[in-house]
S.K.: 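Quick one: structure below, then a few questions.
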Amino acid sequence: MSGGGCSIVWFRRDLRVEDNPALAAAVRAGAVVAVFIWAPEEEGHYYPGRVSRWWLKQSLAHLDSSLKSLGTSLVTKRSTDSVSSLLDIVKSTGATQLFFNHLYDPLSLVRDHRAKEVLTAQGIAVLSFNADLLYEPWEVNDVDGRPFTTFMAFWNRCLSMPYDPEAPLLPPKRIVSGDVSRCPSDALVFEDESEKASNALLARAWSPGWSSADKALTNFINGPLIEYSVNRKKADSATTSFLSPHLHFGEVSVRKVFHLVRIKQVLWANEGNTAGEESVNLFLKSIGLREYSRYMSFNHPYSHERPLLGYLKFFPWVIDENYFKAWRQGRTGYPLVDAGMRELWATGWLHDRIRVVVASFFVKVLQLPWRWGMKYFWDTLLDADLESDALGWQYISGTLPDGREFDRIDNPQFEGYKFDPKGEYVRRWLPELARLPTEWIHHPWDAPELVLQAAGVELGSNYPLPIVGIDAAKARLQEALSEMWQHEAASRAAAENGIEEGLGDSSDSVPFAFPQDIQMEVDHEPIRNNPTTMIRRYGDQMVPSITSSLMRVEEDEGSSVDLRHLAEDGRPEVPANLNLDLEPRRETLNQGDVQMVRNNNIIPQFNANLRLHNAEDSTAESSSSSSGRGRDGGIVPVWSPPGSSYSEQFVGEENGLGSTSSYLQRHPQSHQVMNWRQLSQTG
DNA sequence: CAGCAGTTTGC
DNA sequence: CAAACTGCT
């Protein structure tokens with residue numbers, strides 16, 4: 001169509017036609033080529049799980065038919081490299097522009113940044129948009145212009161921003177199709193034969209696609225929403241919105257959800273319905289959590305693979321595949337946990353509360369490395385979402401500044417009576433316990449023999465005894481923690497002496513196989529050296545500079561860079577040049593950090609010691625970068641499709657942040673992560 | 001019953 | 001940590 005080429009709209013996790021800024025912009029610009037590129041290998045071991053792929057398949061079909069009714073269709077490509085596929089598409093369609101919506105997971109940050117550079121270098125105009133969040137991560141900062149480090153502060157700020165989130169856009173009335181005659185679609189394969197039968201079951205419970213997402217939203221707002229605050233404690237009722245998988249794939253926009261829900265809230269407020277109003281607040285909070293997960297991922301791209309509290313690196317996880325298996329199969333001996341795990345396996349779904357229960361059990365009682373659990377969630381959840389899941393697991397594990405304390409163990413028995421007081425949920429998913437009276441349903445091991453017999457329960461045979469006692473877990477946790485602090489202290493001492501200590505790989509634990517994701521990007525560095533091709537427009541995707549360094553740490557440690565290099569306008573910006581940039585940054589950062597330490601006892605920032613590594617000389621650097629990072633866990637059992645390789649080493653640098661979590665405060669002898677301490681001495 | 005301390009809980 | 005909750009005086 002008009003003056004030259006058409007525009008490519010690169011669909012990813014924004015599979016909708018309504019309120020899709022990239023699509024809208026492309027339509028405005030003229031002819032459109034709508035594209036979806038399936039390149040799961042790019043996700044490394046976050047290759048999407050079976051149920052997630054099933055959903056994607058349906059959702060794409062749905063999007064395609066919507067596009068068809070508007071005048072075009074979806075071009076699908078199978079690829080191992082999205083960016084080069086984009087180039088191919090540009091060539092075969094004569095497109096001159098590329099539009100897409102932002103993503104915030106670490107892989108996408110890197111890939112999209114590269115896409116922008118590569119295509120821009122080819123003379124293609126690249127424009128990207130916010131379609132996934134109320135506010136872009138770099139828009140939400142505290143009074144000093146720094147990112148928040150706790151959820152509530154973040155969310156309160158979001159709710160009181162000087163401007164509202166963008167109002168949702170209407171779907172285009174009509175789309176003029178670009179010429180795709182020389183750009184044939186590939187058939188995408190999302191399931192293999194062995195998966196088909198299980199997938200068929202999913203279709204009974206779920207229907208992917210934006211129109212059912214809309215329906216789910218409407219149903220929820222007109223139904224369960226008003227009772228949300230009362231019902232959210234129940235494990236077993238259909239009181240959640242069931243929007244999460246739709247939201248994950250962007251079938252409905254959060255902004256639409258937000259606006260519609262807000263309207264209801266005003267309505268209820270006027271009616272004096274405080275319960276309803278409160279319900280909306282709570283529901284919005286869960287939307288806020290989703291926002292926060294992106295925020296965290298952007299500000300701290302390591303968070304899906306490494307605890308944000310650095311000392312957790314030294315925690316001696318239990319490397320026990322039998323525990324892991326028992327957990328997955330729902331045979332831990334704790335009914336609430338087991339019921340949850342069976343539901344997850346059977347349906348790909350789990351109530352939020354129960355996610356917390358099973359995850360917390362996993363980390364605190366079994367003390368398995370949280371990333372195993374996260375990976376299992378990733379593979380089995382219908383709404384698997386890297387950012388949300390990473391946030392959730394970190395929260396539960398106690399590795400966040402505002403998460404639960406690390407030494408806190410929740411007792412599944414008590415939680416059972418809280419979330420499932422009548423035992424209905426347990427009975428549904430654990431038929432072997434169905435006849436047990438409510439009194440014992442959450443702790444069958446205490447039940448009198450006669451009761452068990454009457455209920456047909458034979459502990460240790462048709463239902464397991466607890467695989468780990470809570471008391472034993474508590475004791476082991478204490479031990480593990482003191483071991484952790486010892487190692488942390490030793491490491492710090494060694495670092496201070498400038499000795500290459502090796503960060504605990506002397507230990508018996510196997511180096512963690514995770515994560516490899518980012519390394520595959522490593523060899524595209526030439527592009528990186530040409531920063532001037534980036535002309536940033538207001539709406540453009542910001543890239544935390546760490547994404548660049550993440551790609552290269554292995555061979556170029558000096559370039560590891562702080563996350564939040566502030567451009568003149570105060571927003572994070574792609575560093576002009578990683579190495580040249582170090583000098584000026586050093587001063588600013590130190591100043592800022594010191595001030596922060598003085599002014600409050602809040603965590604400096606997640607990235608405090610990332611940046612310190614730059615600012616510091618090579619002592620600290622060397623102590624961390626060369627180690628095998630042994631303590632973070634063990635080999636991850638493989639259950640992903642073949643092809644996703646787990647290789648040896650961590651990418652990237654060093655641990656997380658200093659912390660004021662109360663746990664830390666109770667351990668003054670080993671307080672503060674090394675860097676933070678050095679920091680405060682500076683000031 | 002107001003007022004307070006100890007405890008639980010909350011992303 | 002801070003808010004909510006519990007139980008006690």
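In the text below, chain A, chain B and the rest are named by the order of the sequence lines, each starting its count at 1.
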S.K.: Looking at the rings of A/Tyr163 and A/Tyr135, which for Trp means the six-membered one, are their centres under 6.0 Å apart?
M.R.: yes
S.K.: Just the rounded figure in Å: distance from P of B/dT8 to CG of A/Asp407.
M.R.: 13 Å
S.K.: Taking the six-membered ring where the residue is Trp, are the ring centres of A/Tyr376 and A/Trp327 under 6.0 Å apart?
M.R.: yes
S.K.: For A/Phe414 and B/dT8, what is the distance between atoms CZ and P respectively, to the nearest whole Å?
M.R.: 10 Å
S.K.: Start with the C-alpha distance between A/Arg294 and A/Asp132, add both sets of side-chain angles, then the distance that settles salt bridge (charged side-chain N to carboxylate O under 4.0 Å, His left out), and finish with yes or no.
M.R.: CA-CA 9 Å; A/Arg294 270 73 180 151; A/Asp132 193 46; 3.1 Å; yes
S.K.: Going through the distances and angles, do A/His304 and A/Glu387 end up as a side-chain hydrogen bond (donor to acceptor under 3.5 Å, both in side chains)?
M.R.: CA-CA 7 Å; A/His304 65 302; A/Glu387 296 97 306; over 6 Å; no
S.K.: Starting at atom CE of A/Met152, determine the distance to atom P of C/dA4, rounded to an integer number of angstrom.
M.R.: 10 Å
S.K.: How close or far is atom C1' of B/dG10 from atom CD1 of A/Ile396, stated in whole angstroms?
M.R.: 12 Å
S.K.: B/dT8, OP1 or OP2 - any side-chain N/O from A/Lys418 closer than 4.0 Å?
M.R.: no
S.K.: Between B/dT7 atom P and A/Glu405 atom CD, what is the distance in whole Å?
M.R.: 14 Å
S.K.: Got A/Asp410 and A/Phe361 here, is their nearest side-chain heavy-atom distance under 4.5 Å?
M.R.: no
S.K.: Using a 3.5 Å cut-off on both pairing distances, which stems of three or more Watson-Crick or G-U pairs include DNA chain B?
M.R.: B:2-10 with C:1-9
S.K.: What is the separation between atom OH on A/Tyr395 and atom P on B/dT9, rounded to the nearest whole Å?
M.R.: 11 Å
S.K.: How about A/Leu366 and A/Val318: do any of their side-chain heavy atoms sit closer than 4.5 Å?
M.R.: no
